[in-house]
A.B. asks: 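Please read through the structure below; I'll follow up with questions.
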Protein chains: 2
Amino acid sequence: MPVTLKDVAEKAGVSRSAVSRTFTEGASVSAKTRRKVEKAAAELGYSPNALASSLTTGRTKLIGLVSNNFHNPFFLQVFDLFTRLLQERGLRPLLVNLTDQTDPESTLQLLRQYSVDGVIVASSTLSPEFALAFQEARVPVVHSFGRIAASPRVNVVGIDNVECGRMAARTLIARGYKRIGFMGGPREATSTIDRRKGFNEVLSVTPGIEVTESFATAYSFDAGRAEMLNLLKQMPADAYFCGDDVLSIGALSAIADKGLNVPKDVGIIGLNDMDMARWENINLTTIRQPIRQIIDSSVELVVAMLDKPERPPEGRFFACEIIERGTLRPVKP
Amino acid sequence: MPVTLKDVAEKAGVSRSAVSRTFTEGASVSAKTRRKVEKAAAELGYSPNALASSLTTGRTKLIGLVSNNFHNPFFLQVFDLFTRLLQERGLRPLLVNLTDQTDPESTLQLLRQYSVDGVIVASSTLSPEFALAFQEARVPVVHSFGRIAASPRVNVVGIDNVECGRMAARTLIARGYKRIGFMGGPREATSTIDRRKGFNEVLSVTPGIEVTESFATAYSFDAGRAEMLNLLKQMPADAYFCGDDVLSIGALSAIADKGLNVPKDVGIIGLNDMDMARWENINLTTIRQPIRQIIDSSVELVVAMLDKPERPPEGRFFACEIIERGTLRPVKP
DNA sequence: GAAAATAATGCAACCGGTTGCAAAAAGCCG
DNA sequence: CGGCTTTTTGCAACCGGTTGCATTATTTTC
């Protein structure tokens, strides 16, 4: 039923090769032939089958977009940007929702069956090993929002979470908070581990600070709220560095429940600067992750891999900045 | 470089057909051959190329997932569910972000190039014509969150927005509100048109009610906030039915800014019951859209179309329910 | 205007699979 | 064990394209 190359060739009175060349960038076709072919193609409503051509060219222009963060509104922005940027380059995102299936094997196999040209792993919770499995299978891969490494074994684009931990600590110290809490995301997430490390690194060399720590079970509102409700049962700290923004918002709701005031009674600083953080009824002080740059760079990197698959892995990390809003008290004069 | 059917056939000492049959459900292969083939395949790490096989079978198991709602957090839930349900059935979502490109032609062509088996259009703002273009091109299509029609020309799954408008109106009347506002989404969105219709239908036959109406420029926080700030310049109504939840949250932030109390000074009812609506610091009274049922049903319908492409178009609509939370005053005793 | 260089074209093989068909192998029966 | 039925197997053609190569047409050059 769908119209093929052959149909167009017959209608235009030329060979199949001629039709194929008409639709191939930089192939040799005379103006006359091209005209005939284009006319026939338009009349028949022909458009070339990308999958058939991929058989010989070895390129599908499909990019696997793999994530396990379908509950964090921050990632809607991530998907929006990724899909737009990929589309702009003529690439097509094949979306994979990992749910709790974090073993790379089955995903690798799936994406191979579809001959994706490359893979983007968008996750701040997956271990570097996940992306590494693709790399080892010689599938071009970039881990976005992944863990920093001095000499990465796989392409990674993201932020320096250790440095973010330091920034958070310094910020809280500068505001004069003395009893400070780390309320991390899931214990095993690399982002949690790294942020905690940087955070403690600074606080441990600062005299007169009392540090506590706890972990939410997920990067989600409910987990943040539950954890903060728990913390509020005893005497809470003066201020918390929360695992991310959505966790922070959960914590804020718990604090409001208890009738405490933010930032007077408890201060909160988040991380991500998701769209919602600037909403006036949330107004969260947070550490901004330069999402646009991260995603731009990830796409650029995966495209570079397509052209040069043997390109050695690279790590690209972007600086974060503190976004001052209303959930921390002002710096002491 | 990747291992093919031929490699496996040679290693196993059988014909290519034998290998193909081993991996084809219900094909005739002896146990002995199957064993040999599976052993060879495992050793070589073979997995069949889904795209090559699609050439002859005519099935890619790719489903185009098309949306223009990448800014509404409600749709993260939508994408989560769609991808999970499709994956469970062995289907692969090819994601298309419409941005402002709402002309179906280029999307249709794109999805044809990739020979998608079917298409799901997930949008409450696109006109029915969008999905219709696929239908007319004989591409199995389902419009999710689309507009209700008595005898639809294309498969649609969603809610009855007119009835939702009525529900909202009745709810506000029951609470004793007299000065009532409709704060719609984009003027041209079918969902806006329909909700407004049902809303006015009820209010126009209720004596003693004063109705006003206005429209936000998008289903977004900022648009909701801007519109409400505008409304608050003059004397606002007692209660508003807002286009959707994210719009409602924007409106709530504007109201809080002005120092007014919800629900005492102004009442708000939204629509969707997105995850965020139940967050304790939002606590939005809203009309719940049965998202799970809608998406289940959409996937089921698109699968049914794959098996029977000539299936006549069907409309499936689900009932909504009022979710009482904190943004409307209680019913008068 | 003829020879040489360049461009355009079609043939045929190939990409990685599937499948109808006829031949071969295996199973069944008396 | 021979004849008959059923199952398994390989051959070869095909799905919808691309591409190297040899052939033919066109252009350039003197």
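Not measured: the values here are computed from a predicted model. In the text below, chain A, chain B and the rest are named by the order of the sequence lines, each starting its count at 1.
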A.B. asks: Just the endpoints, please: which first and last nucleotides of DNA chain C, 5' to 3', lie under 4.0 Å from a heavy atom of chain A?
C.D. replies: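 First and last nucleotides in contact are C/dA8 to C/dG16.
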A.B. asks: Could you give the side-chain donor-acceptor pairs of residues 14-23 of chain A under 3.5 Å, partners two or more places apart or in another chain?
C.D. replies:
from, atom 1, to, atom 2, distance (Å)
A/Ser15, OG, A/Ser17, N, 3.4
A/Ser15, OG, A/Ala18, N, 3.2
A/Thr22, OG1, A/Ala18, O, 2.8

A.B. asks: Using distance only, find each side-chain donor-acceptor pair of residues 3-12 of chain A under 3.5 Å and give its atom names and separation, not counting sequence neighbours.
C.D. replies:
from, atom 1, to, atom 2, distance (Å)
A/Thr4, OG1, A/Lys6, N, 3.3
A/Asp7, OD2, A/Thr4, N, 2.8
A/Lys11, NZ, A/Glu43, OE1, 3.2

A.B. asks: Salt bridge or not for A/Arg84 and A/Glu88, using N-O below 4.0 Å?
C.D. replies: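 So A/Arg84 does not pair with A/Glu88 through a salt bridge.
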A.B. asks: Determine the contact category for A/Val19: base if any of its heavy atoms lies under 4.0 Å from a base atom, sugar-phosphate if only primed atoms, P, OP1 or OP2 are that close, otherwise nothing.
C.D. replies: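 No contact.
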A.B. asks: With B/Phe82, which residues qualify under ring-ring contact (aromatic ring centres under 6.0 Å, His included), at least two apart?
C.D. replies: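 If we apply the ring-ring contact (aromatic ring centres under 6.0 Å, His included) test to B/Phe82, skipping adjacent residues, there are no hits.
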A.B. asks: Mind listing the residues from residues 34-64 of chain A sitting with a heavy atom below 4.0 Å of DNA chain C? Number order is fine.
C.D. replies: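 Within this stretch, A/Leu55, A/Thr56 sit under 4.0 Å of the strand.
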A.B. asks: Pull out every protein N or O sitting under 3.5 Å from an N or O of nucleotides 20-28 of chain D, one pair per line with the distance.
C.D. replies:
none

A.B. asks: Considering residues at least two apart in sequence or located in another chain, which fulfil the side chain to side chain donor-acceptor pair (under 3.5 Å) criterion with B/Thr60?
C.D. replies: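 Once residues adjacent in sequence are excluded, the partners of B/Thr60 under the side chain to side chain donor-acceptor pair (under 3.5 Å) criterion are B/Asp117.
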A.B. asks: Residues two or more places apart in sequence or in another chain: which of them pass side chain to side chain donor-acceptor pair (under 3.5 Å) with B/Arg147?
C.D. replies: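 B/Arg147 satisfies side chain to side chain donor-acceptor pair (under 3.5 Å) with B/Asp194 only.
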A.B. asks: By side chain to side chain donor-acceptor pair (under 3.5 Å), which residues pair with A/Asn68, not counting sequence neighbours?
C.D. replies: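 Applying side chain to side chain donor-acceptor pair (under 3.5 Å) to A/Asn68 gives A/Ser123, A/Thr125.
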A.B. asks: Using a 4.0 Å heavy-atom cut-off across all strands, classify B/Ser30 as base, sugar-phosphate, or nothing.
C.D. replies: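 B/Ser30: backbone/sugar contact only, no base atoms under 4.0 Å.
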A.B. asks: According to ring-ring contact (aromatic ring centres under 6.0 Å, His included), who are the partners of A/Phe79, at least two apart in sequence or on a separate chain?
C.D. replies: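 Partners of A/Phe79 under the ring-ring contact (aromatic ring centres under 6.0 Å, His included) test: A/Phe70.
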A.B. asks: Hey, could you give me each pair passing salt bridge (charged side-chain N to carboxylate O under 4.0 Å, His left out) that has a residue in residues 123-135 of chain A? Not counting sequence neighbours.
C.D. replies: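 Listed by first then second residue: A/Glu129-A/Arg153.
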A.B. asks: Identify, with sequence neighbours excluded, every residue that meets side chain to side chain donor-acceptor pair (under 3.5 Å) alongside A/Ser30.
C.D. replies: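 By the side chain to side chain donor-acceptor pair (under 3.5 Å) rule, A/Ser30 matches A/Thr33.
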